[in-house]
Amino acid sequence: MAGIKENIPDEAIQRLRGAKRLAILTGAGVSAESGVPTFRGKDGLWKNHLPQQLATPQAFEKDPELVWDWYHWRRKVVLEVLPNPAHYSIAELEKRVPDFTLITQNVDRLHLRAGSERILEIHGDLHHARCGECSAIAALEEHQGLVTCDICGGLMRPNVVWFGESLDVRLLEQAFIASGSSDFLIVAGTSNVVQPAASLAYAALENGGYVLEVNLDPTPLTGSATATVLGHAGEVLEELVLLAFGEQ
Ligand code: APR
C-alpha cells in the first residue's frame, strides 16, 4: 500500500506552496485523534442518545437538564484532551500563508489551544452559554446542571448552533468570502453533509480554487474535490506541511 507521501498529489503541494489565499474547513475528524468523539461515528453516542437527537432546540425545550448534562460532559472531555498534529499543522500553515482563514465546525477550541488565531467558529463553542432571554454571553467554568443568567436570571443555553438553527450571518458571510476567494482550500475531517458548511468547498471550486479533501473515508464531496487524500488528518496534514514548506 502506498504511504501518505505518495498519496498527496504533486500538484497539491505546488499549489499550496504558491497559495496567496489559503482557507481550511475542519470538522470533527480533525479532533478524533485527540480523543474527541465524532458526531456520526460509532463513538458519538452518549448514554444511548444520538448527538443528532440532543443538539436541537426541541430537545432543549423538552429536557434542558439532559441537554446541559451532555454539554457539561462534552466540555469536560475536551478540557481533558490535547490538540493533535492536525491542529498543530493547521496552526503552522497560518504562519506560512499570510492571507489565511480557518473555518471550523468544531466547538472544542482545540485549534485555539494549538495556536491558530484567524478562526471562524461557525458552530459556536462549548465554553460559553447564551441567555435565552437577554442574549448575554457567559463563560462556563465549573458549572453543573441548568445554567442561569447572572444579568436577568433567565435560562441560558449552550452557545452553539443546533440542528435546524441558522448560523451567525456575519460569520457565515466571512466564511463564504474566505473559501470563495481562496486559491487553495483544505477540507479536513468533515462528513460534508451538514449545510451550509458543506457548500463552502463548492464556492472555492466555482472560483477556480484547488480543493484538497482529507478524510478517512470518501464523502459526498469526494467526487467534486480537486483531490482527496484518504488517511488520518494528523498524518496527512503533517506530511503536507513538510512537503510544501520543508521542516516545521
Ligand atoms: N482523520 C480524518 N478524518 C476523520 C478522522 C481522522 N482521524 N476520524 C474521522 N474522520 C472523518 C469521518 O470519516 C467523517 O467523515 O471525519 C468526519 C466526521 O464527520 P461528522 O461526525 O459528521 O462531523 P462533522 O462533519 O464535523 O459534522 C458537522 O454536524 O452534528 C453537527 O454541528 C455538528 O459541527 C457538526 C456538524
Side-chain angles (χ1 to χ4, degrees), residues 23-40 44 46 51-52 54-57 59-60 64 67-84 86-88 90-91 94 100-132 134-151 154-176 178-179 188-191 194-198 200 233:
I24 302 183
L25 169 66
T26 62
V30 158
S31 294
E33 288 154 64
S34 291
V36 182
T38 59
F39 287 86
R40 292 169 184 78
W46 175 74
Q52 294 93 315
L54 292 176
T56 68
F60 188 68
V67 174
W68 261 123
D69 281 351
W70 182 50
Y71 278 93
H72 292 316
W73 172 78
R74 289 180 63 194
R75 194 171 78 253
K76 205 165 151 278
V77 168
V78 304
L79 286 172
E80 283 168 358
V81 302
L82 295 171
N84 69 61
H87 301 105
Y88 288 116
I90 290 169
E94 181 168 354
F100 175 94
T101 307
L102 170 59
I103 305 156
T104 188
Q105 300 167 85
N106 298 345
V107 291
D108 55 36
R109 295 239 147 150
L110 288 172
H111 284 300
L112 208 69
R113 285 168 59 194
S116 286
E117 288 177 6
R118 297 219 46 202
I119 315 177
L120 303 176
E121 292 179 308
I122 59 173
H123 289 173
D125 78 274
L126 289 175
H127 302 294
H128 289 88
R130 184 170 79 243
C131 181
C134 74
S135 301
I137 304 278
L140 290 163
E141 279 150 24
E142 299 300 313
H143 293 76
Q144 292 296 325
L146 295 176
V147 180
T148 49
C149 180
D150 283 345
I151 296 169
L155 176 64
M156 297 195 98
R157 54 164 282 175
N159 190 32
V160 297
V161 179
W162 283 328
F163 289 102
E165 293 187 319
S166 301
L167 276 67
D168 179 293
V169 178
R170 194 181 48 86
L171 280 181
L172 191 59
E173 193 184 15
Q174 288 177 39
F176 270 98
S179 57
T190 173
S191 53
V194 174
Q195 293 294 354
L200 289 164

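Computation of the quantities below employed the complete heavy-atom set of this structure, encompassing side-chain atoms and omitting hydrogens, waters and symmetry-equivalent molecules. Numbering starts at 1 and runs along the sequence shown.
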Is a donor on one side and an acceptor on the other found under 3.5 Å between the side chain of Asn106 and the backbone of Gly27? yes
Parallel, tilted or perpendicular, as decided by the 30° and 60° cut-offs, for the rings of Trp46 and Trp70: tilted
Is it the case that the side chain of Glu121 and the backbone of Val107 share a donor-acceptor pair, with hydrogens and angles ignored and the cut-off at 3.5 Å? no
Please report the closest heavy-atom contact between Met156 and Trp68, naming both atoms and the distance. O-NE1, 2.9 Å
Flag, side chain of His72 to backbone of Gly145, donor-acceptor distance under 3.5 Å: yes
Rounded to the nearest 0.5 Å, the CH2 atom of Trp73 sits from the CG atom of Asp69 at a distance of 12.0 Å
If you compare all heavy atoms of Ala129 against all heavy atoms of Val147, which two are closest, and at what distance to 0.1 Å? CB-CG1, 4.4 Å
Taken to the nearest 0.5 Å, the spacing of Ile119 CD1 from Thr101 OG1 works out to 11.0 Å
Using 30° and 60° as the class limits, which term best fits the ring planes of His111 and His87: parallel, tilted or perpendicular? perpendicular
Can you name the nearest heavy-atom pair linking Phe163 to Gln52, along with the distance? CE1-CA, 3.6 Å
Separation of Ile103 CD1 from Ser179 OG (nearest 0.5 Å): 5.0 Å
Taking all non-hydrogen atoms of both residues into account, name the closest pair between Ser31 and Asp108 and its distance. OG-OD2, 2.6 Å
Do Phe100 and Ile90 have side chains that approach each other closer than 4.5 Å (heavy atoms only, starting at C-beta)? yes
Heavy atoms, side chains only, cut-off 4.5 Å: are His127 and Val78 in contact? yes
Kindly indicate, with the supporting measurements, whether the criterion side chain to side chain donor-acceptor pair (under 3.5 Å) is fulfilled by Thr190 and Gln105. CA-CA 8 Å; Thr190 173; Gln105 300 167 85; 3.0 Å; yes
With a 4.5 Å limit on heavy-atom distance, are the side chains of Leu155 and Pro64 in contact? yes
Could you walk me through whether Tyr71 and Val160 pass the side-chain contact (heavy atoms from CB on, under 4.5 Å) check? CA-CA 10 Å; Tyr71 278 93; Val160 297; 3.6 Å; yes
Do the side chains of Arg157 and Glu165 get close enough for a salt bridge, i.e. N-O under 4.0 angstrom? yes
Using side-chain heavy atoms (C-beta onward) and a distance below 4.5 Å, is Arg75 in contact with His143? yes
Are the side chains of Pro158 and Phe60 in touch, meaning some heavy atoms are under 4.5 Å apart? yes
Are Val36 and Leu110 side-chain neighbours, meaning at least one heavy-atom pair lies under 4.5 Å? yes
Do Leu82 and Ser34 touch side chain to side chain, with heavy atoms closer than 4.5 Å? no
Quick one: closest heavy-atom pair of Ser135 and Arg130, and the distance? O-CG, 3.8 Å
Could you report the tightest heavy-atom contact between Val30 and Ala188, atom names first, then the distance? CG2-O, 3.5 Å
Leu102 and Leu120, any side-chain heavy atoms less than 4.5 Å apart: no
Report yes or no: does Glu94 contribute a side-chain atom to a donor-acceptor pair with the main-chain N or O of Arg118 at less than 3.5 Å? yes
